[in-house]
Amino acid sequence: MDYLEGLNEPQREAVLQTEGPLMIIAGAGSGKTRVLTYRIAHLIYHGVDPFNILALTFTNKAAAEMRQRIEKVVGTESRNVWMGTFHSIFARILRIEADKIGYSRDFSIYDTDDSKSLIRSILKELSLDDKIYRVGGVLGRISGAKNRLVSVNEYLRNTTIQADDEANRMPEMGRLYKIYQDRLRKSNAMDFDDLLFNTNVLFRDHVAVLNKYQQKFKYVMVDEFQDTNISQYLITRKLAAVHQNICVVGDDAQSIYAFRGADIQNILNFEKDYPDLKVIKLEQNYRSTQNIVKAANSVINKNKAQLRKNVWTENIEGPLIDLIKASSDNEEGNLIANSIFEEKMNNSLRNSDFAILYRTNAQSRAFEEALRRRNIKYRIIGGVSFYQRKEIKDLIAYLRFTVNQNDEEAFKRIINLPKRGIGESTVAKIVVTADENNINLWEVVSKVQQFMPGRLAAPIDNFSTLIKSFKVIANQKDAFETATHVAKNSGLLKDLHEDKTVEGLARYENVQELLNAIKEFVDNPENEDKTLSSFLQSVSLLTSADDEKDTDTDKITLMTIHAAKGLEFKHVYIVGMEEDLFPSQMMLASRADLEEERRLFYVAITRAEKKLTLAFAETRYKFGRLKTCEPSRFLNEIDPAFIRMDKSLNGREAAAATLVKSMTPRKPTVVPANLHTPSQDFVPSDTSQLTGGMKVEHPKFGFGIVKDVEVQGNDKKARIDFEKVGEKTLLLSFAKLKIHTN
DNA sequence: ATTTATATCTTTTTT
DNA sequence: AGATATAAAT
């Protein structure tokens with residue numbers, strides 16, 4: 001058992017303790033993944049059938065990596081371990097057992113966009129004020145209920161919740177929840193939360209089914225336990241109820257998904273639920289230098305709610321944490337890019353040794369530009385992913401509707417694509433007709449003459465004939481052939497092909513790439529079910545870390561801190577260390593404590609192995625206008641012994657004044673980012689500089705003289721007398737003006 | 001029904 | 001800046 005070599009005492013104990021309930025509290029960088037991997041390998045090595053092992057991870061990517069590592073120890077048998085995210089594993093089970101809870105196995109999975117769109121339609125139908133009932137808020141409320149396993153009926157019955165909603169001026173919330181849920185069911189669709197909620201329902205109402213899986217999963221393991229919600233916890237508890245071999249691994253200090261219903265309380269409850277629980281703490285950090293570990297500890301110790309533990313390391317002291325001050329967000333990008341270039345040369349590192357971590361996806365822009373300019377390769381994880389693109393969602397919607405004709409959201413997306421002369425009002429009418437007659441969407445569409453005779457019947461009829469023809473193909477052919485057929489015959493591909501612009505070409509290629517992905521899916525021997533339906537379910541559960549088919553691995557990684565969980569890099573840059581950004585304004589506004597934000601900072605720091613650099617900007621564009629920023633309070637929370645700061649100053653001032661590290665220090669650029677078309681006659685115009693009497697040119701209205709500039713709150717308006725068209729009032733932030741120099 | 005212009009609003013993290 | 005809603009024009 002050579003895999004036990006090189007494990008420290010608690011690690012080895014965690015691997016060998018295979019029977020009974022076990023909780024592993026694993027500090028950052030303490031070799032948690034290694035333990036989990038060897039633990040599974042150990043089980044298989046000792047004759048446990050991989051079919052009897054369930055391992056729940058946070059991303060599909062983590063599962064795939066773990067599977068590979070186990071395979072190295074025990075061989076291809078490891079492929080049969082059930083390993084994946086909660087959502088993907090239970091979607092798989094729900095697919096098998098769908099009929100027991102009144103779904104068909106081809107149910108659609110709604111992503112957040114679909115859910116929001118559905119809520120938007122419902123709000124419109126009920127003519128509720130969407131200023132009060134904000135789509136995101138309504139969905140959040142419903143999601144919160146589902147994560148706590150509060151059903152529609154319980155929601156409506158619960159007086160506390162009702163009072164709460166009324167206090168928030170949303171008395172109809174319960175009704176919305178009910179209608180939303182009815183509509184999902186009618187669409188034969190589940191949203192993300194339903195996958196967990198319905199699994200709970202399945203296991204509650206169908207003892208035989210529960211027994212089946214209890215027998216199957218003799219060993220249950222949960223990674224990132226601190227980020228599970230009640231709904232997830234109850235599923236695992238039920239599954240492990242017979243054999244009691246449940247092992248959870250987590251770190252309360254790294255709980256960063258409370259906004260999604262994650263509950264650290266689960267860790268505390270776990271001890272109550274399993275009185276003979278064994279707890280093992282992994283506290284030795286193998287990842288980072290002393291300075292990084294100590295700096296991280298100094299930060300997390302500011303939190304009150306935490307299980308005390310002592311993360312320590314034998315690693316070298318390492319360099320101090322650097323702090324970079326930039327005058328603007330663009331300069332921040334430049335300075336970081338320069339720093340990476342320099343570090344890479346000095347220490348002969350590869351691009352893949354670096355990561356840039358930020359709080360929000362929107363921050364990536366400045367870094368992308370700076371890196372591109374320097375020809376440094378990078379990859380962005382998350383953000384607008386491949387599967388979020390319009391052309392991809394369009395084709396997927398077609399495929400979804402081919403598989404499930406009651407998928408309302410897919411229907412809305414494709415009914416007028418390509419244009420069939422069926423507008424918004426017609427779509428609403430179809431949905432309402434289905435609702436009034438208490439029939440499914442597809443009934444109305446396929447028998448349109450009967451329900452909605454008239455001018456629009458013909459195009460709708462054509463549409464349903466088209467879908468029927470797709471369905472015939474889907475029943476005979478595999479996912480790839482069906483998808484290719486649909487792409488060609490729906491007219492989508494033709495539309496894109498005719499678009500000869502650069503973007504159009506890219507979109508066409510994206511669709512081709514989707515078809516390639518489907519081909520790969522079909523060709524992959526690990527996928528037993530090669531139907532379109534199976535492909536669609538796997539695709540809708542990809543995590544942001546997953547959808548990456550990038551063969552070139554030597555790239556700098558750019559991502560949010562959330563996406564960085566579980567990863568490590570030699571050199572980490574945490575950027576945007578500014579008040580209102582990190583900690584985020586929303587966290588500051590809601591008077592909740594900043595503990596989760598602080599844990600997020602802790603997670604970010606502990607990603608670094610050798611060197612950590614923090615950066616902040618003094619000014620930043622927000623909603624198109626320049627704002628001054630204050631350095632983050634978190635900078636002051638790092639023990640100054642571990643960070644390179646200017647000692648002559650105190651507190652936040654010190655942070656602000658600290659050395660600016662750069663090969664080529666440069667002035668911040670003053671040219672506005674949006675307008676640069678330098679020519680002989682025109683200068684790039686910062687329209688905010690516009691004053692009366694200036695000669696300007698507008699792309700449509702031609703030349704004109706500015707008569708008046710008026711400041712209106714945050715915006716400016718200009719009255720301009722154009723030679724050709726006379727006087728116009730333009731909003732400056734939108735006016736595509738050029739200022740004439742002469 | 002669809003396109004185009006203009007006004008208004010946005011304010012995190014993700015399965 | 002970018003997305004989305006509304007109004008007006010085609």
Side-chain angles (χ1 to χ4, degrees), chain A residues 56-60 84-91 109-113 115-116 120 124 130-131 134-136 139-140 143 146-147 190-196 224 227-229 231-232 255-262 329 357-363 365 381-385 388 416 419-427 455-456 459 540-546 559-565 576 580-590 596-597 599-600 603-604 620-627 672-675 700-701 712-715 717 728-731 733-736:
Chain A
L56 296 161
T57 58
F58 200 74
T59 63
N60 291 309
T85 62
F86 272 92
H87 291 86
S88 62
I89 293 283
F90 295 113
I109 298 173
Y110 275 11
D111 67 13
T112 310
D113 284 345
S115 297
K116 284 185 173 167
R120 215 167 279 131
K124 207 164 221 172
D130 60 2
K131 295 282 183 307
R134 302 215 293 145
V135 175
L139 183 60
S143 174
K146 287 187 191 173
N147 286 332
M190 300 191 197
D191 67 11
F192 287 136
D193 303 314
D194 284 336
L195 294 173
L196 306 172
E224 309 282 7
D227 286 322
T228 55
N229 60 37
S231 177
Q232 291 168 319
S255 165
I256 55 175
Y257 280 95
F259 71 90
R260 209 172 80 185
D329 46 3
L357 308 183
Y358 35 75
R359 179 66 232 268
T360 67
N361 282 309
Q363 286 165 257
R365 199 215 77 240
I381 307 242
V384 187
S385 79
Q388 307 263 37
N416 201 26
K419 303 245 178 314
R420 286 177 246 274
I422 300 168
E424 228 176 302
S425 51
T426 313
V427 173
R455 183 172 60 84
L456 293 160
S540 48
L541 293 171
L542 287 179
T543 55
S544 64
D546 294 329
M559 61 186 150
T560 63
I561 301 168
H562 282 90
K565 191 171 70 156
D580 285 359
L581 193 54
F582 191 24
S584 94
Q585 194 181 30
M586 293 211 86
M587 286 299 199
L588 290 165
S590 61
E596 178 151 320
E597 289 288 287
R599 288 195 294 268
L600 198 54
V603 168
R620 185 176 291 279
Y621 276 97
K622 196 177 188 185
F623 301 142
R625 44 192 81 250
L626 203 61
K627 294 267 191 233
N674 51 342
L675 297 162
K700 201 141 196 186
F701 308 135
Q712 283 196 340
N714 283 333
D715 288 313
K717 275 185 181 170
K728 287 257 171 194
T729 305
L730 302 176
L731 199 64
S733 55
F734 275 89
K736 298 174 179 83

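Since the model is a prediction, treat every value here as computed from it, not as a measurement. The sequence lines fix the lettering, A, B, ..., with proteins before strands; numbering per chain opens at 1.
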Are the side chain of A:Gln232 and the backbone of A:Leu196 linked by a donor-acceptor contact shorter than 3.5 Å? no
Which is true for A:Ser425 with a 4.0 Å heavy-atom rule: it touches a base, it touches only sugar-phosphate, or it touches nothing? sugar-phosphate
In the structure I gave you, are the side-chain heavy atoms of A:Leu357 and A:Met559 within less than 4.5 Å of one another anywhere? yes
Nucleotide B:dT14, atom C1' - distance to CD1 of A:Ile109 in whole Å: 15 Å
Enumerate all atom pairs, one protein N or O and one N or O from nucleotides 10-13 of chain B, separated by less than 3.5 Å.
| from | atom 1 | to | atom 2 | distance (Å) |
| --- | --- | --- | --- | --- |
| B:dT11 | O2 | A:Gln585 | OE1 | 2.7 |
| B:dT11 | O2 | A:Lys622 | NZ | 3.0 |
| B:dT12 | O2 | A:Arg359 | NH1 | 2.8 |
| B:dT12 | O2 | A:Arg359 | NH2 | 2.1 |
| B:dT13 | OP1 | A:Asn361 | N | 3.0 |
| B:dT13 | OP1 | A:Asn361 | ND2 | 3.4 |
| B:dT13 | O4' | A:Arg359 | NH2 | 3.4 |
| B:dT13 | O2 | A:Arg359 | NH2 | 2.8 |
| B:dT13 | O2 | A:His562 | NE2 | 3.2 |

Report the distance from atom CZ of A:Arg120 to atom C1' of C:dA5, rounded to the nearest whole Å. 11 Å
Nucleotide C:dA5, atom P - distance to NZ of A:Lys131 in whole Å: 9 Å
Within the 4.0 Å heavy-atom criterion, would you say A:Asn416 contacts the bases, only the backbone, or no part of the nucleic acid? sugar-phosphate
Would you please classify the geometry between the A:Tyr257 ring and the A:Phe58 ring as parallel, tilted or perpendicular, with 30° and 60° separating the classes? tilted
Could you tell me how far apart A:Asn147 (CG) and B:dT14 (P) are, to the nearest whole angstrom? 16 Å
Between B:dT12 and C:dA5, how far apart are the two C1' atoms, rounded to whole Å? 24 Å
5' priority, DNA chain B, between A:Arg420 and A:Phe86 [closest heavy atom]: A:Arg420
Taking the side chain as every heavy atom from C-beta outward, state whether A:Leu541 and A:Phe192 have any pair of such atoms under 4.5 Å apart. yes
What's the CG-P distance between A:Asp193 and B:dT14, to the nearest Å? 16 Å
Taking only the P atom of each, what is the distance from B:dT13 to C:dT4 in whole angstrom? 15 Å
State, with a plain yes or no, whether a side-chain heavy atom of A:Thr228 is found less than 4.5 Å away from one of A:Leu56. no
Say whether, by atom type as modelled, one donor and one acceptor occur between the side chain of A:Asp227 and the main chain of A:Ala262 under 3.5 angstrom. no
When rounded to the nearest 0.5 Å, the distance separating OH of A:Tyr358 from CZ of A:Arg365 is 12.5 Å
Please report the distance, rounded to the nearest Å, between CG in A:Asp111 and P in B:dT15. 11 Å
If the cut-off is 4.0 Å, is A:Ser88 near the phosphate of B:dT15, judged by side-chain N/O to OP1 or OP2? no
What is the separation between atom CG on A:Leu139 and atom P on B:dT15, rounded to the nearest whole Å? 15 Å
Rounding to a whole Å, what distance do you find between A:Ile89:CD1 and B:dT15:P? 16 Å
